[in-house]
Every structure is written in C-alpha cells, then in structure tokens.
Amino acid sequence: VINRIYSEVNNEYTANQTFYINEKEKMINGEYYNPVEDEQLTMDRIRVKDLCFKYNALPSSMEKERLDLIKQIFGKTGEKITVESSFYCDYGYNIEVGENFYMNHNCVILDCAKVKFGDFVFIGPNCSFYTPIHPMDAKTRNSYIEKAMPITVGNNVWFGGSVTVLPGVTIGDNAVIGAGSVVVKDI
C-alpha cells in the first residue's frame with residue numbers, strides 16, 4: 001500500500017490517499033477502478049458467467065446440484081436457500097445471503113460491491129440490485145472507470161416483482177418493497 005494515488009478522474013497524483021495495488025482492490029474499497037481493461041476482474045467475470053450459465057441450464061429437479069453450484073457462485077450463504085433460474089451476476093463473491101433466502105426468476109445482482117441479504121428475504125421475479133456507479137461526465141465515463149457502493153438488506157424483507165435497488169441503499173428489517181419500485185434511498 002502506497003500513500004499516494006493517481007487520480008484517473010483528474011489525471012494527477014493526490015497526497016494522503018491510499019494507492020491500491022490492483023483494480024480489484026480499488027473495486028472492493030469503493031474507489032474508482034477500470035473493470036474492462038483489468039485481466040483479473042475480466043477472468044473473475046468470465047468464471048462467474050460460466051457458472052451462472054451452468055446453473056441456469058440445470059433442471060429444477062436437480063436440487064442438490066443447483067444448491068452446490070449457487071454456493072460456488074455466492075460468497076456466503078445460509079443452508080436453506082433457493083434461487084430460481086434465470087439468475088445473473090457480475091462476480092458472485094460479493095453476494096452474501098442468509099437463511100431461508102428465496103429469489104424468484106430472472107433476477108440480476110451487479111455485485112461490484114458487497115450485496116448482503118439477511119434471513120427470510122424473499123425476492124419476486126425480475127428484480128435487480130445494482131452496485132456500480134458510472135461517472136456522469138461522458139469523457140470520464142468513456143475511459144471505462146466506475147466505482148461501486150454496497151447494498152444491505154435486513155431480515156424478513158419482501159421484494160415484489162420488478163423492483164430495482166440502486167447503489168448504496170440499506171433496507172432495514174421487516175420492510176416490504178412494492179412491485180415496480182425503484183429504491184434510491186435507505187428504507
């Protein structure tokens with residue numbers, strides 16, 4: 001760790017900041033990073049996309065194989081979880097789910113930052129959880145940099161169908177998120 005960082009946004013070095021050795025460390029620490037031109041992050045995405053492809057191709061009747069595979073995809077899981085096909089994510093290792101977790105069909109988790117779900121979380125179909133934040137300035141955005149903010153969901157939470165949760169949101173215990181909601185603030 002070096003105590004200076006090259007600012008890709010300002011094209012200059014800034015004192016008194018931490019320099020991360022690689023793009024993955026920057027991503028995990030909420031700093032701007034480049035996911036496109038980094039070999040390690042590219043390989044991580046390819047690995048999990050292949051696992052998601054295998055998972056989505058398994059018949060529902062192959063419960064044990066599906067559970068084993070989703071536990072390879074997610075960073076941390078409870079013992080009793082169900083994720084219906086189709087499911088997609090960016091890295092997988094940043095996803096943590098508690099006990100009695102259920103995710104319905106066609107859900108997406110862009111997990112560039114941690115996405116944590118508590119116990120007894122039920123997610124309706126077509127839900128999306130997005131942690132990446134892209135720069136608003138076109139020139140900066142076109143350099144492929146982004147950063148990410150975590151999403152945290154408490155216990156006993158129900159998401160209706162087609163809910164979208166945006167970066168940096170925390171949803172507390174016992175919440176019900178109505179179908180079609182776009183969650184941009186803490187609940």
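Under a hydrophobic clustering in which Ile, Leu, Val, Met, Phe, Trp and Tyr are joined whenever their side-chain heavy atoms come within less than 4.5 Å, directly or via other members, L67 and F74 fall into the same cluster. Hydrophobic clustering of Ile, Leu, Val, Met, Phe, Trp and Tyr side chains at less than 4.5 Å, counting indirect connections, unites I70 with L58. Note: the hydrophobic cluster containing L110 also contains V184 (ILVMFWY, side chain heavy atoms under 4.5 Å, direct or indirect links). In this structure, L69 is a member of the same hydrophobic cluster as V83, with clusters built from ILVMFWY side-chain heavy atoms closer than 4.5 Å.
What you find for E96 and K114 is that their closest heavy atoms are OE2-NZ, 3.1 Å. The two atoms that bring C107 and I123 nearest to each other are SG-CG2, 4.0 Å, heavy atoms only. The two residues I81 and G78 make their nearest non-hydrogen contact at CG2-O, 3.9 Å. Of all heavy-atom pairs between E146 and C112, the closest is OE2-SG, 3.7 Å. A113 approaches M149 most closely through the heavy-atom pair CB-C, 3.5 Å. When every heavy atom of P135 is checked against every heavy atom of Y32, the shortest pair comes out as CG-CE2, 4.0 Å.
The side chain to side chain contact (heavy atoms under 4.5 Å, CB included) test with I187 is passed by exactly one of V153, I177, V165, V169: I177. Only one option out of K49, R45, R47 pairs with D90 in a salt bridge (charged side-chain N to carboxylate O under 4.0 Å, His left out); it is K49. Of the candidates V176, V121, V157, T152, V157 is the only one forming a side chain to side chain contact (heavy atoms under 4.5 Å, CB included) with I171. Of the listed residues (Y102, F129, F122, F101), just one forms a ring pair (Phe, Tyr, Trp, His ring centres under 6.0 Å) with F159, and that residue is F129. When each of N104, N106, T164 is tested with N126 by the rule side chain to side chain donor-acceptor pair (under 3.5 Å), just one qualifies, namely N106.
Under the 4.5 Å side-chain criterion, counting only non-hydrogen atoms from C-beta, Y33 is not in contact with N22. No side-chain heavy atom of Y130 sits under 4.5 Å from any side-chain heavy atom of I151. Using a 4.5 Å heavy-atom cutoff, the side chains of V97 and M103 are not in contact. Contact of the E99 side chain with the E79 side chain is registered, since non-hydrogen atoms from C-beta on lie closer than 4.5 Å. Contact of the N94 side chain with the M27 side chain is registered, since non-hydrogen atoms from C-beta on lie closer than 4.5 Å. Taking 4.5 Å as the limit, some side-chain heavy atom of N174 sits within range of a side-chain heavy atom of N156.
Under the 4.0 Å criterion applied to side-chain N and carboxylate O atoms, E23 and K26 are assigned as salt-bridge partners. The pair D68-K64 counts as a salt bridge, with a side-chain nitrogen and a carboxylate oxygen less than 4.0 angstrom apart.
Looking only at distances, a side-chain donor or acceptor of N142 sits under 3.5 Å from a matching main-chain atom of A138. Using modelled atom types, no side-chain atom of D119 and backbone atom of N155 make a donor-acceptor pair closer than 3.5 Å. A donor-acceptor pair under 3.5 Å is formed between the side chain of D111 and the backbone N or O of Y91.
Atom CD of E63 is surrounded by 12 or fewer heavy atoms from other residues, nucleotides or ligands within 6.0 Å.
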